[in-house]
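Notes follow once the structure below has been shown.
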Amino acid sequence: MKYLGQFFPWMVVLLGGVYFLIAALPPFERDDEMHIHKFGQVPVLEEGTTESAGRIKPLSSVARNDLMAISGQADFTDENGKTQPAITWLLDVMSSQILIQQADAQNELIRNQPIEINNAHLREMIGFLKDGPVVFGDFDRAKLLKLLEEVKRIEAMPDDKRSDFDNAVMAVFHQLEFAARQMKKGEANRTPLTYKVFKIDNDQVVDLFGLKRRSGFRYSIDECSGKMDAFMERVRKIMDSEGKELDLYDTKVMETYRRFVLFQRLASLESPWDVPPMEKQKTWQPLGAALKEEDLSGHGNPLASSLEKILIAYASNDVKTFNSELAVYHERLRDLYPEESKKADFESLINHFDPFMHCMVFYGLVFLLACISWVAWPGPLHRAAFWLAALTLVVHTATLISRMYLQDRYFVFVTNLYSSAIFIGWGCVLLGLIIDAIFKNGIGIVAASVLGFCSLFVARYLASTSNGETMEMLQAVLDTNFWLATHVSCVTFGYMATFFAGFLGIVYLVLGVFTRLLNRDLIKILGQMIYGVVCFATLLSFTGTVLGGIWADQSWGRFWGWDPKENGAVLIVIWNALILHARWAGLVKQRGMALLTIVGNMITGWSWFGTNQLGVGLHAYGFNNELAVGLVIFWFSQLLMLGIGLAPQRYWRSFDSMNQKSVANRGATSGPKPASPAVARR
Amino acid sequence: MASKTTQWPNGEQIDDVVDAVPARKAFQFRDCLKALSSLRLTVILFVLALFLVFFGTLAQVDQSNWTVVKSYFRSYAVWVPFQTLLRFAQTFFWVPKDAYWPGGFPFIGGKVLGALLMANLIAAHLVRFRLSLKRSGILILHAGLMLLLVNEFLTDAYAVEGHMTIVTGHSSNYVEESNASELAVIDRSDPKEDAVTVLPASFLMNGAVIRDEKLPFDIEVVKYMKNSALTDRPPPQDNPATAGAGIATGVSERPEGRGVDKDQRIDAPSAYVTFKKKGSDQPLGTYLLSMWLREQPVEVDGKKYEVSLRTKRTYKPYTVHLDRFDHDLYPGSNKPKNYSSQVRLIDPTRGENRDTLISMNNPLRYGVETFYQSGVLPNDAGTILQVVKSPGVTAADYSLPGWIIPYVACTMVSLGMIIHFLIHLTGFLSLRARK
């Protein structure tokens with residue numbers, strides 16, 4: 001057993017490491033199947049008016065952004081009921097029109113094929129001028145009918161009776177027949193029209209299309225096409241009433257309309273801008289425009305025709321050409337745009353790996369291990385939890401660094417709400433592990449895993465609100481790596497430490513009220529932890545806030561402007577300072593501090609998300625109703641904790657047991673010692 | 001558990017002023033000081049500060065940042081309307097948008113609160129001053145805090161914010177104060193130089209009559225609007241205007257704009273004024289003057305003047321010439337990547353002539369003034385620079401501009417905290433290690 005206890009933690013870490021490695025491997029694609037994942041690595045420039053526009057990224061990211069914008073999900077169900085990744089959907093959409101377009105282009109060439117008519121009489125009879133070139137396209141219906149009449153007559157008589165005129169007719173007829181046989185009829189790939197991906201989450205709009213309500217509210221274009229005219233009528237009406245505030249129905253109509261427009265733009269190859277310029281100073285082009293340019297001028301961007309070949313191969317199910325042409329395309333891009341190419345490959349891999357998802361699962365596991373370690377097998381389980389958390393932290397860190405690499409902003413941890421959430425999670429886990437290394441009682445690990453899990457969960461939600469785009473380009477005023485790296489990181493770390501203190505406060509209350517685990521030792525230790533973390537939080541939030549003031553002085557000309565977001569930050573500073581001074585004044589002890597830190601949670605919630613909801617100020621980046629609801633729920637949960645914590649101590653189970661113990665001690669008999677996290681030392 | 005002394009987490013006892021036994025002696029200055037130095041007072045002041053900041057944040061939903069700063073943070077007392085709290089409820093608790101809560105309550109203003117915090121801090125150090133390594137961090141950090149508080153008072157008193165608007169290829173030698181306007185009477189009879197007489201907008205109160213020997217006529221204010229928007233048509237009935245642009249156009253009164261709004265909206269005042277012949281009641285006509293309108297001619301005794309209501313201008317000894325203005329977007333999007341102004345600063349009084357690029361996050365500092373890239377004219381026709389005069393020593397050599405104060409103060413506070421917490425952390429860790 002001792003032997004097992006020694007090796008158990010290492011086995012857990014090893015297994016975890018192997019799991020991460022396998023998850024991080026790029027998907028294996030056989031030679032006899034389409035290399036869809038490789039297609040997803042193709043770098044393109046996303047355009048448009050959304051937040052995600054203006055960045056060069058792999059097609060897999062574009063696919064995910066656009067599919068989420070249309071359906072609210074990052075994958076979809078195809079007509080066989082199989083779940084497919086977004087890139088397959090995008091490939092289907094992009095190639096849906098390509099055969100028609102290709103056929104059109106080829107038919108245009110054939111229409112220009114010259115037809116030789118040597119007989120002047122024949123020319124006159126069909127209706128051409130005496131001389132001048134004649135092409136296939138010149139034969140309209142009337143002319144063709146005239147010629148066919150002659151052909152019928154000639155075919156009815158024996159070959160040797162044909163006159164020169166007859167032979168001339170037949171010669172022209174054979175030329176026409178040959179050309180006509182070359183004409184192609186391209187067919188649209190109908191599948192994307194049948195995919196049920198369009199989210200219509202409003203009963204009235206669903207009724208407008210004459211559809212039935214279904215769970216998920218996702219419909220296909222084919223289903224909607226019947227009543228498309230009525231729908232467009234409504235859209236036109238709304239667009240005409242420009243400037244008027246829309247009601248819910250009209251808002252949803254426009255939302256649906258924008259989804260259709262996006263689809264249309266993707267299908268007609270107007271978006272994204274897939275074709276990189278052959279010379280650096282020129283701009284990227286949408287594939288559709290690049291191909292048109294090639295048709296008109298005869299010589300276009302070779303990368304465009306290469307992409308066209310890939311799409312044609314996909315549409316005509318030609319696996320070999322698809323794979324070989326794709327490889328050639330990647331090869332060319334690596335020569336022309338080595339940096340963009342490398343980054344797109346890497347981002348695509350991260351998309352596939354989805355590291356934060358796995359980190360979330362692992363933080364959950366760590367939490368379980370740590371909790372069990374308080375009940376049974378404390379040493380090995382505690383060590384296993386610690387080192388598994390450390391391993392997950394390594395992956396978490398590596399992903400943070402890869403995001404910096406992709407954005408080319410080293411030491412910049414936070415650029416938007418999403419990244420602030422993953423950074424707060426990272427900080428919590430790091431702080432939790434440091435605290436556990438000092439106190440060795442499992443509380444640090446529990447805090448690390450719970451806060452790590454929760455913040456990654458919040459991050460996941462935030463990513464979905466921006467259609468999965470988490471590395472958008474920054475507004476001009478924010479575009480300074482120095483301040484992003486110092487002020488924003490510091491302030492976010494201040495939020496993190498304040499939340500961490502608040503969580504320890506909750507641990508104190510939960511252990512005290514609901515369990516008998518909170519003894520004098522633990523009260524003292526938790527008090528020390530909370531005090532230390534609050535000190536840390538004060539330092540970070542003050543320094544961060546002040547750095548923000550200096551940034552404002554540098555860019556707006558005032559050190560402090562009392563802007564809502566600035567006020568939010570200063571509230572956290574004041575609150576932390578209040579906790580410390582109240583402690584020094586003897587106004588509160590451990591329990592009081594625990595309660596105050598929970599109020600700190602509420603204030604931090606306000607500062608992080610709440611101030612944005614007011615919709616005023618220089619820092620306001622977007623109102624979001626769901627976020628407001630989430631915040632209110634969070635506040636109520638914290639108020640509930642406060643209420644519980646304010647319950648007189650005679651109702652606390654721990655104090656109950658402590659009093660009993662002291663009674664028992666007076667009677668000179670010592671009862672069994674209650675198990676406590678503080679006992680679970682390594 | 002319920003012992004009276006307070007302990008550091010590491011077991012060290014601190015002397016606690018709160019529990020100090022009051023002396024039986026007569027009321028003395030020292031007792032007064034002790035009461036003022038109380039940590040309890042600190043905590044109470046912190047709570048008040050929290051509420052003040054919170055109210056001041058909510059108030060910005062309805063009022064401009066500028067107004068809120070003046071009435072909440074740079075005032076002695078403030079009246080907080082319940083309507084302000086309603087905004088919070090409306091944002092988060094589904095209270096209907098058109099709800100109205102009458103009344104309000106008074107609250108302590110930022111100036112008083114700042115002064116009390118300052119007094120509390122100074123008193124605490126007077127009572128408990130002890131120079132030791134252990135307290136060095138606290139001393140440094142509190143000194144820094146005092147400096148910050150002083151700076152906020154100074155900013156209140158001196159900092160002037162204004163804008164300089166320059167069209168590409170042109171120059172400007174004046175700064176417009178965003179939050180102040182003036183009525184200007186311009187005499188263009190001298191071909192070399194215009195003679196301008198200005199009247200601050202604060203004089204333009206409804207019903208006021210302004211007589212001054214420098215003015216060529218008397219002015220009666222019919223109606224003054226702090227913020228307004230132009231309308232296509234004059235009011236259908238009772239148009240106050242009898243001459244000038246007001247005959248063909250009208251204005252509608254608007255609520256105050258918001259200074260920190262995303263588009264940095266500035267109030268555009270308008271006024272109906274009647275010009276009268278000096279010292280008489282004989283009207284020359286009632287004009288509509290507005291920030292939206294150009295100068296309008298007024299003739300008195302055969303002499304022509306031009307009048308306009310415009311933002312308050314401060315003329316400078318130097319000229320700023322805009323050579324080039326760039327407004328870059330990220331390709332394929334409408335997201336601004338950068339704004340920058342290539343300017344030439346010419347100051348004959350100091351022999352200055354230099355080219356500088358002003359862009360986002362890269363201001364031009366010139367003496368006690370700083371120029372920031374702040375906005376852009378429609379169609380990228382030119383630039384709007386924000387000009388800030390920081391409080392500071394306005395000596396001839398400009399050696400100590402005031403913008404340095406917050407930098408020094410903040411370094412002190414952060415450093416002080418780091419020293420203080422590190423001393424206690426190392427003490428605590430070594431104590432644990434010994435156990």
Side-chain angles (χ1 to χ4, degrees), chain A residues 45-49 53-55 273 283-284 438 473 475-477 479-480 483 527-528 531-532 535-536 538-539 542-543 546-547 549-550 553-564 567-568 570-571 574-575 577-578 581-582 584-587 610-611 613-614 616-618 620 628 631-632, chain B residues 6 9 14 16 18-19 39-40 42-43 46-47 49-50 53-54 56-58 60-61 65 68-69 73 87 91-93 151-152 155 159 161 258 260-262 329-339 360-361 363 370 372 374 386 388 403 406-407 410 413-414 417-418 421 425 428-429 432:
Chain A
L45 176 70
E46 176 147 9
E47 62 83 54
T49 52
R55 186 164 80 84
W273 293 358
T283 53
W284 290 57
I438 297 173
M473 304 310 268
Q475 296 278 0
V477 67
D479 190 10
T480 147
W483 293 113
Q528 288 167 347
Y531 176 80
C535 285
F536 190 54
T538 316
L539 172 66
F542 179 85
T543 310
V546 155
L547 283 171
I550 293 177
D553 182 48
Q554 296 266 326
S555 77
W556 296 323
R558 83 284 190 290
F559 174 71
W560 190 256
W562 301 103
D563 169 273
N567 289 351
V570 87
L571 284 181
I574 296 177
W575 187 254
L578 183 146
H581 286 84
W584 292 329
L587 291 173
T611 48
Q613 307 298 321
L614 291 178
V616 285
L618 293 162
L631 191 58
V632 169
Chain B
T6 311
I14 60 161
D16 199 331
V18 178
D19 297 326
L39 271 172
R40 268 175 214 224
T42 316
V43 173
F46 278 162
V47 172
L50 274 172
V53 172
F54 182 61
T57 310
L58 291 180
Q60 292 187 29
V61 176
N65 168 268
V68 168
V69 169
F73 303 120
R87 296 296 172 221
T91 312
F92 294 102
F93 298 108
N151 181 65
E152 186 58 23
T155 317
E161 294 190 41
R258 292 182 185 143
V260 284
D261 234 12
K262 272 176 223 152
L329 296 175
Y330 288 104
S333 76
N334 51 7
K335 203 183 265 185
K337 187 170 191 251
N338 191 32
Y339 303 98
M360 285 292 184
N361 296 313
T370 315
Y372 303 88
S374 152
Q386 169 141 299
V388 176
W403 55 264
Y407 289 63
C410 295
V413 179
S414 299
M417 270 199 247
I418 291 172
F421 293 148
L425 185 69
F428 169 70
L429 286 181
R432 264 192 79 86

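Every chain is numbered from 1 and lettered A, B, ... according to where its sequence line falls, protein lines coming before strand lines.
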Looking only at heavy atoms and a cut-off of under 4.5 Å, which of B:Val69, B:Leu425, B:Asn338 has the most pairs with chain A?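 That would be B:Val69.
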Heavy-atom pair count under 4.5 Å with chain A, highest-scoring of B:Val413, B:Val47, B:Thr42, B:Leu329: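 The candidate making the most pairs under 4.5 Å is B:Val413.
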To the closest 0.5 Å, what do you measure between [atom1] ([X]) and [atom2] ([Y])?
| X | Y | atom1 | atom2 | answer |
| --- | --- | --- | --- | --- |
| B:Leu58 | A:Thr611 | CG | OG1 | 11.0 Å |
| A:Arg55 | B:Ser333 | CZ | OG | 12.5 Å |
| A:Leu571 | B:Phe54 | CG | CZ | 8.0 Å |

For chain B, which of A:Leu539, A:Thr543, A:Val546 has the most heavy-atom pairs under 4.5 Å?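 Answer, by heavy-atom pair count under 4.5 Å with chain B: A:Leu539.
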Tell me, out of A:Cys535, A:Gly532, A:Ala53, who's got the most heavy-atom pairs with chain B below 4.5 Å.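 Max contact count across the listed options: A:Cys535.
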On a heavy-atom basis, which atom in [X] and which in [Y] lie closest, and how many Å separate them?
| X | Y | value |
| --- | --- | --- |
| A:Asn567 | B:Gly56 | ND2-C, 4.4 Å |
| B:Gln60 | A:Pro564 | OE1-CD, 3.1 Å |
| A:Val570 | B:Val53 | CG1-CG1, 3.9 Å |
| B:Phe93 | A:Val632 | CE2-CG1, 3.7 Å |
| B:Arg432 | A:Ile438 | NH2-O, 3.5 Å |

Report the residues that fulfil ring pair (Phe, Tyr, Trp, His ring centres under 6.0 Å) with B:Tyr330, sequence neighbours left out, ordered by chain and then residue number.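 Once residues adjacent in sequence are excluded, B:Tyr330 has no partner under the ring pair (Phe, Tyr, Trp, His ring centres under 6.0 Å) criterion.
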Please state whether the side chain, the backbone, both or neither of [X] comes within less than 4.5 Å of a heavy atom of chain A.
| X | value |
| --- | --- |
| B:Ser414 | both |
| B:Leu429 | side chain |
| B:Val68 | neither |

Under 3.5 Å, is there a donor-acceptor pair between the side chain of B:Lys335 and the main chain of A:Gly54?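 Absent.
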Could you tell me how the ring of B:Phe73 sits relative to the ring of A:Trp562: parallel (under 30°), tilted (30 to 60°) or perpendicular (over 60°)?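 Rings of B:Phe73 and A:Trp562: parallel, as their planes differ by under 30°.
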So what's closer than 4.5 Å to chain B heavy atoms on A:Leu547: side chain, backbone, both or neither?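 The answer is neither part of A:Leu547.
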